[in-house]
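One structure below.
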Amino acid sequence: MQKKYITPVFRNALNKIGVPEETELHFEAPKNPDHGDFSCNVAMRSAKAMKKPPRAIAEEIIAALDYDAKLIENVSIAGPGFINIKFTDGFYAEVLKTMDALGDQLGRSNLGEGRKVNVEYISCNPTGLLHLGHGRNASIGDTVSNLYEWTGWDVTREYYFNNAGNQMNNLAKSVYARYMEALGNADFPFPEDGYRGEYIKQIAAEIKEEFGDKYKSGTEDDITFFRKAGEKWCFREIKKTLTRMNIEQDVFFNEDSLYTDGKIDAIIQDFKKLDLAYEKDEALWLKLSEMGLEEDRVIVKSSGEPTYRLPDMAYHREKFELGYDLMVELFGADHIATVPDVQAGIKALGYDTNKVRTLIHQFVTLSENGEQVKMSKRTGKNYTLDDLLDEVGPDVVRFFFLMRSVNTHLEFDLGLAREQSDKNPVFYLQYAHARICSMIAKAEDLEIKVNDNADFTLLNHKAEISLIKYIMNFGEAVKSSSTKCEPQVLTDFLREAAAAFHVFYHECRIISADSEELRDARLKLASIARIMMKNGLVILGITTPEHM
RNA sequence: GCGCCUGUAGCUCAAUUGGAUAGAGUGUUGGAUUCCGAUUCCAAAGGCUGGGGGUUCGAUUCCCUUCAGGCGCGCCA
């Protein structure tokens with residue numbers, strides 16, 4: 001809203017002194033508060049076009065500015081030619097009034113204008129349990145979805161459920177082998193690429209418990225049974241874990257349906273029609289080398305089965321056909337190689353791949369006291385997401401996975417995460433919220449209610465103005481976090497905002513303020529800050545305790 | 001060998017997309033609070049942004065090169 005006021009003021013001045021209309025006019029909040037509330041580098045940008053030194057242009061601009069002295073305190077030149085703007089306290093009183101009027105909607109915007117976005121995340125194959133990388137994927141995906149919702153998009157949360165292909169046969173054979181072991185065949189051969197996790201033994205044990213040796217002969221029907229049983233068990237566990245993290249998705253897209261609905265065949269025919277596929281060595285190849293990539297790849301194996309590329313492309317096509325304006329997909333770094341192939345394929349089919357936004361997150365390492373942790377001390381096995389949830393709880397898990405930017409390696413400090421104190425950033429945020437709640441409760445005990453008509457012009461303490469600025473910028477932070485698909489932008493912002501509240505709380509008496517009017521204004525300010533903290537935590541998918 | 005990602009304070013990470021004196025947290029040292037929650041606040045110390053070149057008013061950011069780590073490079077997904 002500040003920009004809305006100053007942009008035309010500046011543009012008028014620029015026109016007056018003859019700066020070209022196309023010169024970019026951009027304001028930013030300087031890191032250093034001594035540089036004012038807003039800073040503009042237009043004088044430096046136009047130095048070339050004007051053929052004058054930046055500082056001289058800045059002087060001309062300032063002389064030509066026509067602004068309201070009730071809102072802007074002063075405008076000055078600094079450094080190589082920055083123009084710094086300082087607002088009055090009265091300006092911030094107005095801002096706070098506007099923010100207050102938003103109520104619970106504080107932080108929401110209509111950036112997306114109701115457009116449809118599909119966010120695909122987790123999409124873990126039902127062949128095992130979720131591990132730490134999936135936890136990061138789940139946390140980011142879910143919060144990115146929240147961010148889109150808060151910025152006015154129509155969001156569909158989707159899980160691509162892949163229960164076709166080799167991996168499932170592998171699962172079936174692994175379970176079968178463990179089942180035979182459980183029946184007393186100690187040296188029953190285990191498949192070479194089989195899944196060696198302990199959970200396979202558990203599945204086998206449960207089958208033995210329920211059905212005895214009914215499936216011991218291992219016929220094709222038996223293997224099918226093991227495949228289905230394994231899938232069902234794994235998927236149940238996955239969903240259980242996600243529920244613990246408070247994650248619920250709208251659509252579970254079944255890869256199998258692409259085969260039964262003929263989508264795979266259709267896409268093969270289309271590639272053939274476009275003369276982009278050819279047969280060699282009894283397999284079908286896609287001419288990726290004609291689409292700007294290194295080499296051609298197989299899309300149908302000589303066995304007649306498609307490779308992963310084909311269903312992946314068909315899946316994207318389905319999403320395009322559903323009319324999404326934007327498709328976000330989130331993968332771990334190990335999937336990075338598949339992206340260009342699939343994108344090239346759907347582009348060749350005539351779809352606009354600019355609508356697909358692929359996010360890649362790097363790996364997670366777990367550490368404690370500077371040492372890398374691979375195994376859970378509790379179970380002695382590989383660390384699963386459930387183990388982590390058991391140890392530190394869902395709030396900490398989600399926050400830790402969100403507090404680093406997506407495309408960097410993440411070190412999860414188990415010692416810090418376990419810490420239920422000020423060292424742990426999650427508690428720092430939640431405490432700010434809880435502190436406001438208990439303070440308002442205390443005020444109510446004294447029969448002091450939050451006064452909706454409080455006089456904000458009384459708020460001119462440095463700490464008060466600082467907090468108001470955070471409330472004012474909250475919506476921008478949500479927008480920025482959303483458009484960048486970087487939850488970390490929001491976690492950082494909220495930490496700073498919480499700090500601003502704590503400073504305010506420390507320096508400004510609220511309930512025992514000097515006057516009732518000041519008390520009311522501060523109490524109201526705190527209550528608006530509470531909404532900001534609450535909404536922020538909600539977007540991150542973290543609980544908002546009123547007591548701790 | 002090739003492609004992608006990363007390298008910033010002792011440690012874990014930021015830096016508004018090319019801006020001002022590179023900032024936070026943690027750790028270390030020292031302080032504050034008779035009163036709304038001490039899970040709080042304030043201060044100090046800590047840096048050749050891996051190294052070397054280049055582009056320009058200005059580079060952690062862009063380009064080249066080199067070193068180090070991670071992830072990929074299948075008719076597996």
Side-chain angles (χ1 to χ4, degrees), chain A residues 26-32 34-35 39 41 44-45 47-48 53-54 78-82 84 123 125 127 162 164-168 170 193 255 280-285 294-295 297-309 311-312 332-340 360-363 365 367 370 403-405 407-413 416 419-425 427-428 430-432 434-436 438-443 445-446 448 463 473 476-477 480 484 488-489 492 495-496 499 501-513 519 522-523 526 547-548:
Chain A
H26 179 68
F27 297 95
E28 57 186 30
K31 298 172 217 167
N32 186 342
D34 292 343
H35 294 141
S39 166
N41 63 2
M44 280 124 81
R45 279 190 185 281
K48 261 188 195 151
F82 287 101
N84 293 335
S123 299
N125 297 337
T127 56
N162 181 352
N166 245 331
Q167 39 166 5
M168 297 309 293
N170 207 343
D193 302 325
E255 171 170 332
K280 190 181 98 183
D281 303 333
E282 294 178 15
L284 191 67
W285 295 67
E294 281 290 307
E295 48 191 338
R297 298 284 181 188
V298 170
I299 48 174
V300 181
K301 298 184 242 176
S302 53
S303 65
E305 290 176 337
T307 63
Y308 72 89
R309 294 182 185 88
D312 252 23
D334 51 339
H335 276 69
I336 195 156
T338 73
V339 176
I360 303 284
H361 68 262
Q362 301 292 323
F363 276 40
T365 50
S367 75
M403 71 184 194
R404 302 296 177 224
S405 58
N407 203 2
T408 57
H409 303 263
L410 184 150
E411 184 153 331
F412 197 111
D413 185 335
L416 183 61
E419 192 96 35
Q420 308 245 333
S421 74
D422 55 333
K423 287 176 202 158
N424 190 325
F427 290 94
Y428 186 79
Q430 290 182 319
Y431 178 59
R435 204 176 203 187
I436 302 172
S438 69
M439 198 252 310
I440 291 174
K442 172 96 179 179
D445 285 348
L446 299 169
I448 302 166
N473 289 329
E476 285 298 322
S480 163
K484 288 179 186 162
Q488 178 263 331
V489 169
D492 264 15
R495 199 194 348 226
E496 285 176 25
F501 170 75
H502 285 309
V503 171
F504 160 66
Y505 184 87
H506 191 258
E507 301 206 1
C508 301
R509 303 271 82 205
I510 299 171
I511 292 177
S512 53
R519 178 199 68 195
R522 286 179 174 168
L523 193 59
H547 311 279
M548 291 178 70

ask   = Mind checking the C1' distance from B:rC73 to B:rU65? Whole angstroms is fine.
value = 24 Å
task = Flag the pair A:R309 and A:D312 as a salt bridge only when some basic side-chain nitrogen lies within less than 4.0 angstrom of an acidic carboxylate oxygen.
result = no
query = Applying a 3.5 Å limit to both distances, which nucleotide forms a Watson-Crick or G-U wobble pair with B:rG7?
reply = B:rC67
key: Distance between C1' atoms of B:rA24 and B:rG18 (Å, rounded)   = 23 Å
Grab the N/O contacts between the protein and nucleotides 71-73 of chain B below 3.5 Å, and write none if there aren't any.
from, atom 1, to, atom 2, distance (Å)
B:rC71, O2', A:A333, O, 3.2

Contact state string [nucleotides 14-19 of chain B, B base, S sugar-phosphate only, - no protein heavy atom under 4.0 Å] = SSBB-B
message = Checking A:S405 against A:Q488: is there a side-chain donor and acceptor pair closer than 3.5 Å?
response = no
task = On RNA chain B, check which nucleotide each of A:R309 and A:V503 is closest to and give me the residue with the more 5' one.
result = A:V503
Identified pairing partner of B:rG23, criterion: Watson-Crick or G-U wobble below 3.5 Å = B:rC13
task = Can you sort out the partners of A:K301 under salt bridge (Lys or Arg N to Asp or Glu O under 4.0 Å), two or more places apart, ordered by chain and number?
result = A:E305
Distance, P atom - from B:rU21 to B:rA68, rounded to whole angstrom = 35 Å
query = So, A:R435 and A:H502: side-chain donor and acceptor under 3.5 Å apart, yes or no?
reply = yes
Paired nucleotide for B:rC62 [Watson-Crick or G-U wobble; both distances under 3.5 Å] = B:rG54
